[in-house]
Amino acid sequence: MKKSDNIVIIGGGPAGIAAAIEVARAGAYCTLIDEAPQIGGQVYRQTSKSFKVSEKPLNTEQLRGKSLLAEFNEVADHIEILSSTSVLGIWKNHEILWASEGTSGVIYADQLIIAAGAYERPVPFPGWTLPGVMTVGGVKSFIKTMYVKPGKRAIVSGTGPLIISTAISLHKIGVEVLAVLEAGNPPWSSPVFLKEWADVDFARDIAEDLEELKHNNIPLLFNYTVCEARGKNEVTSVTYSPVDAQDWKPIKHQTTTVDADLMVVGFGFVPNTELTQLAGCRHEFYQGIGWFVLKDELMQTSVPWILSAGDSSKISGAILAEEEGRIAGVKATESLGFVSAHEAKKRYEKPLHRIRTFEKFRNVINEASAFRKGMFELIRPETLVCRCEEVALSQVKEATDHGVGDLQSLKLFTRLGMGPCQGRNCAPSIGEYLHHTLDRTPKEVGRINPRPPVKPVTLGVLAQMAIEEKEINSDSFDAINKGGMI
Amino acid sequence: MENKITGAPENDYRINTDIQRGVEVKVIVDGHPVKAYEGETVAAAILATGRRALRTTTLKHEMRGLYCGIGICFDCVMVINGIPNIKTCQTFVKEGMIVESQKAEGKWREQK
């Protein structure tokens, strides 16, 4: 590989895989960096190689994943995979610092595709830190990779299609699902849902799941939410209530409490933007969704050598992530001259068409699942809003009473966001909280600035730089020393 | 220590239909031998015994367990082979692995 043609892809989910496929199709080579031991991302996560899973009818999502991975395997000789590898930093001189199981290194990218995916929106409520409270995505991937029940009796609460499919996954492995609580009134609460969206395959998936839920007598309640998880050392009971249809304010005098040992929560997703932030790409705020990276139809960010695809730039799910990944892959090779502008244009056509067909449905889902401020009524003064540093809402209030009005100051005042998760599980919700309670704009509230290393790493690992990467620029080290290591 | 395996069949949360697991291994969790299989994460091997609390926090000494399951929340960290802050949801079991509940920030055991 010539140094001047390096294409690096961060993230081995649907977007990153599809990008790599298109790069290879153009005759170029690329390096795919992924945090997991095997590619697939969260949605197409593969079972461990040590497990033998018997062939059984696959659902549409699994079939999609299988065919994408098969396509990938055909061109795999053009793709170098760095698995179990985290990216810690990106610098303006095109250097990317990575760390993997006891060692680290720097890789140079002429074209960088960031497809870092999303993670679940944190929604604090009393008891949300108890063992037995898990995210829907976490539960789904745990079940399909480990074949272990995370509990026996479950309540699933949140918003969006994933709470439905997770409830089905739980039911299938013998976990009793007491109820699925959808906070909103999504399009699928309508009896004519499928008729309206028949040409969108994702809508067909949702309809299929709804049918299965009904068939198994699992109640799905619209405009309901979890209020509290209780238990001494782990969850033993869960309280839920209806919510106001407009702002999701819980109707507290109508609560129901049930014995349950598993509370599964999923209030939509937050794009993983710390890498695009670190790289200096421009971001925008979307009410109820949060910050995402600004990009054009060909996945180009405001930084000329960086493309962004999939949920790390805008939440749209696996199907669109794949299409976006394809576009990014083609664009990267076009920029480096592997394909002509004419040929590239042809290759953009199909994915662009798919994205445009989906756009309306995506917007409707995003609108229906957007976070509403009534949920903040669930948080009590003593409820932790920062899981890592154990910061309670009362401390946030104390800070705002002293005039703190932005996330960065709140971090300095309370330590919120200073722990190992680096603000991922507090900043999105508390950012919205400050925005609503203090009536400040998202820009004024700001964000917690990510600094390299964006994932915790020991100094020992950084000292173990891969030997072949000797000519790394010393700026990288300076950036680390100036960054958040202390 | 007796060869008593915690997570006996009646308290095993594993699903056994449609799946054949890897080679059986033994890990030591807080001094007790626990049955596990190659390909399982440490978190899965522990949850399979019905236990969900994996560590206690620094300030309020509260129990925490597997939360995000994808390696971003750091709530499932434990001390593995003397090294604290290891994400059990991302770490695969190995024969003879020594796993300990992490208290607060955890202590490094001196490496030989």
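Treat the numbers as computed from the prediction; the structure is a model and nothing was measured. Proteins come first, then strands; the chains are lettered A, B, ... in the order of their sequence lines, and each starts at number 1. Values below: all heavy atoms of this structure, side chains included; hydrogens, waters and symmetry mates excluded.
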Please say whether more than 12 non-hydrogen atoms of neighbouring residues, nucleotides or ligands are located less than 6.0 Å from CD in A:Glu176. yes

Please classify the contact between A:Glu389 and chain B as side chain, backbone, both or neither, with a heavy-atom cut-off of under 4.5 Å. backbone

Neighbours of chain A found in residues 93-101 of chain B - heavy atoms under 4.5 Å: none

Given heavy-atom pairs under 4.5 angstrom as the criterion, report whether the side chain, backbone, both or neither of B:Asp18 touches chain A. both

Using only non-hydrogen atoms and a strict under-4.5 angstrom cutoff, which residues of residues 62-74 of chain B touch chain A? B:Glu62, B:Met63, B:Arg64, B:Gly65, B:Leu66, B:Tyr67, B:Cys68, B:Gly69, B:Ile70, B:Ile72, B:Cys73, B:Phe74

Among A:Glu390, A:Lys149, A:Lys52, the residue with the most heavy-atom pairs under 4.5 Å to chain B is A:Glu390

Looking only at A:Ser48, A:Ser50, A:Ala36, the option with the highest number of non-hydrogen pairs under 4.5 Å against chain B is A:Ser50

Contacting moiety of B:Thr56, where chain A heavy atoms sit under 4.5 Å: neither

Assert top hit (heavy-atom pairs under 4.5 Å, partner chain B, pool A:Arg424, A:Glu234, A:Arg387) equals A:Arg387

Between A:Phe51 and B:Gly22, the two heavy atoms sitting closest are CD1-N, 4.0 Å

For A:Asn425, which atoms come within 4.5 Å of any heavy atom of chain B: side chain, backbone, both, or neither? side chain

Honestly, the part of A:Ser141 sitting under 4.5 Å from a heavy atom of chain B is side chain

Could you give the distance from NZ (B:Lys60) to CD (A:Glu382), rounded to the nearest 0.5 Å? 9.0 Å

Side chains of A:Tyr147 and B:Glu40: does their closest heavy-atom pair fall under 4.5 Å? no

Heavy atoms only, distances under 4.5 angstrom: which of A:Val148, A:Val265, A:Leu130 has the most pairs with chain B? Name it, please. A:Val148

Student check: side-chain heavy atoms of A:Met146 and B:Leu47 closer than 4.5 Å: no

So which heavy atom on B:Arg52 is nearest to which on A:Asp261, and how close? NH2-O, 2.5 Å

